[in-house]
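When reading the values below, keep in mind they use all heavy atoms of this one structure, side chains included, and skip hydrogens, waters and symmetry mates. Computed from a predicted structure; not experimentally measured.
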Amino acid sequence: MLTKFWNNLTTEEITKLSRNTIIIVPFSAIEQHGSHLPINTDKIILDKIIDKFCEENKKSKDFVVLPNLCIGSSSEHDSFQGTLSVDSVNYINFCLNYLESVFSKKFQKFIFLNSHGGQISHLDILAKELKNKYKSSKIIKANYFLFDGYNKVISENELLYGYHGGEFETSLMLYLANDLVRKNKIKENKLSPDYNNKKLIGFEKNVKLQWSTEDINKTGIIGNPINANSKKGKEITNIATSTIKKMIKELKLL
């Protein structure tokens with residue numbers, strides 16, 4: 001197989017694929033990321049991680065990558081210029097129809113690989129409904145930003161309370177797409193108020209208050225990017241690609 005990407009294959013080549021080939025389905029978003037990162041940050045990060053993973057595993061015939069579904073559901077960022085978003089109900093319905101075109105061709109194993117935190121619940125619903133219709137399918141839901149091991153690179157506080165445009169994502173962008181980072185705009189910023197919140201109710205606690213981004217920070221950033229650097233971005237990327245490899249190895253055996 002000359003390519004790891006579905007859209008670079010021919011119809012004949014897809015027909016010949018083993019139905020046990022693992023289909024990686026990337027989900028991202030086009031949404032504001034403060035003044036220092038471009039609106040396609042989620043897409044860039046996921047595309048670059050997948051590219052590196054494919055390069056590291058170019059001899060493998062275990063997986064194929066579908067096109068990145070980059071127009072997501074980002075209503076929490078709608079008040080900021082540049083955000084492109086579909087409401088949750090229409091997004092889920094579209095994704096169900098789109099993915100059925102692959103599931104119906106008897107492929108059995110899928111990894112839903114997501115780079116947008118606002119879509120975790122959407123992917124849960126997608127996987128639940130598709131599994132109910134295609135009983136023999138095996139569906140893994142994976143949010144790259146929640147992989148284990150990042151605490152060796154980024155502080156626990158930043159990982160837990162700096163989840164949008166902070167040190168984590170900025171480090172990745174400095175490594176993966178350095179030329180697109182507005183470095184002169186990187187400034188000290190605040191973590192989510194949950195960091196100092198001792199109450200039961202919080203933005204991302206077990207008891208959640210539904211929020212829009214401006215409820216947390218008017219700048220659109222949730223986290224502090226001031227200590228971000230490309231070395232951290234490289235280490236995070238290596239953890240991500242290594243984790244995807246482990247997922248594929250385990251999914252093969254299911």
Side-chain angles (χ1 to χ4, degrees), residues 6 23-34 37-50 53 65-80 82-103 110-133 137 139-147 150 159-166 168-169 172-173 176 192 194 202-206 208-217 220-223 236 240 243-244 247:
W6 180 279
I23 308 298
I24 298 176
V25 190
F27 297 87
S28 62
I30 304 294
E31 60 186 29
Q32 71 82 24
H33 272 77
L37 296 177
I39 59 173
N40 62 341
T41 288
D42 286 348
K43 180 182 188 299
I44 290 171
I45 289 174
L46 191 56
D47 282 344
K48 296 286 189 179
I49 286 174
I50 289 171
F53 173 72
V65 183
L66 285 179
N68 189 334
L69 188 57
C70 65
I71 304 300
S73 186
S74 303
S75 58
E76 67 273 28
H77 300 287
D78 267 351
S79 62
F80 293 87
T83 297
L84 303 177
S85 179
V86 179
D87 72 72
S88 295
V89 174
N90 282 315
Y91 179 75
I92 290 169
N93 283 331
F94 171 80
C95 289
L96 283 171
N97 283 305
Y98 155 58
L99 288 171
E100 282 187 357
S101 67
V102 185
F103 275 73
F110 296 82
I111 295 175
F112 290 1
L113 187 58
N114 177 43
S115 67
H116 170 38
Q119 285 169 180
I120 293 174
S121 58
H122 301 64
L123 269 62
D124 285 340
I125 294 170
L126 285 174
K128 179 180 179 180
E129 296 304 316
L130 288 165
K131 176 64 177 177
N132 184 54
K133 185 169 183 177
S137 64
I139 307 169
I140 304 300
K141 299 168 291 180
N143 304 289
Y144 93 90
F145 45 86
L146 296 179
F147 290 167
Y150 296 142
L159 286 173
L160 289 172
Y161 306 111
Y163 40 81
H164 191 75
F168 181 82
E169 286 187 315
L172 279 165
M173 287 295 287
L176 297 171
S192 166
D194 282 345
F203 294 117
E204 288 297 335
K205 291 193 169 191
N206 289 334
K208 291 181 171 63
L209 178 68
Q210 188 59 50
W211 52 269
S212 294
T213 308
E214 63 269 26
D215 297 330
I216 300 178
N217 196 332
I221 302 172
I222 306 170
I236 293 168
T243 302
I244 296 169
M247 281 195 296

Requested in this report: Go through the steps for I244 and F147 under the test side-chain contact (heavy atoms from CB on, under 4.5 Å), then give the verdict.
Outcome: CA-CA 9 Å; I244 296 169; F147 290 167; 4.1 Å; yes
Do any N or O atoms from the side chain of [X] and from the backbone of [Y] form a donor-acceptor pair under 3.5 angstrom?
X	Y	answer
D194	G202	no
D215	S212	yes
K208	K205	yes
Q32	G220	yes
Q119	S73	yes

Considering all heavy atoms, the nearest [X]-[Y] contact:
X	Y	value
G82	I39	O-CD1, 3.4 Å
E76	G118	OE2-CA, 3.6 Å
L46	P26	CD2-CB, 3.6 Å
S192	F203	OG-CD1, 4.3 Å
I92	L126	O-CD2, 3.5 Å
K141	D124	NZ-OD1, 3.2 Å

To the nearest 0.5 Å, how far apart are [atom1] in [X] and [atom2] in [Y]?
X	Y	atom1	atom2	answer
I125	I120	CD1	CD1	12.5 Å
S28	D47	OG	CG	6.5 Å
T213	I221	OG1	CD1	11.5 Å

Would you check if [X] and [Y] make a side-chain contact, meaning some heavy-atom pair closer than 4.5 Å?
X	Y	answer
F80	E214	yes
I45	S115	no
C95	H122	no
E204	L160	no
M173	K48	no
F103	I23	no
I49	L113	no

Query - Name of the residue among L99, V86, L69 meeting side chain to side chain contact (heavy atoms under 4.5 Å, CB included) with F94 - result: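 Going through L99, V86, L69 one by one, the side chain to side chain contact (heavy atoms under 4.5 Å, CB included) with F94 is satisfied by L69 alone.
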**Report entry** Qualifying residue, where the test is side chain to side chain contact (heavy atoms under 4.5 Å, CB included) with F110 and the options are V102, I24, I140, L66
**Finding:**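 Single pass found, and it is V102.
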Report task. Answer with yes or no after comparing the ring centroid distance for F112 and F27 against a 6.0 Å cut-off, counting only values under it. Result ->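 Ring-ring flag for F112/F27: true, centres closer than 6.0 Å.
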Requested in this report: Please find out if less than 6.0 Å separates the ring center of F168 from that of F145.
Outcome: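 Centroid distance F168-F145: not below 6.0 Å, so no.
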**Report entry** Mutual orientation of the aromatic rings belonging to H77 and H33 [parallel < 30°, tilted 30-60°, perpendicular > 60°]
**Finding:**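 Ring orientation, 0 to 90° scale: parallel.
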Can you confirm whether more than 12 heavy atoms, excluding those of [X], are under 6.0 Å from its [atom1] atom?
X	atom1	result
K128	NZ	no
D87	CG	yes
K131	NZ	yes

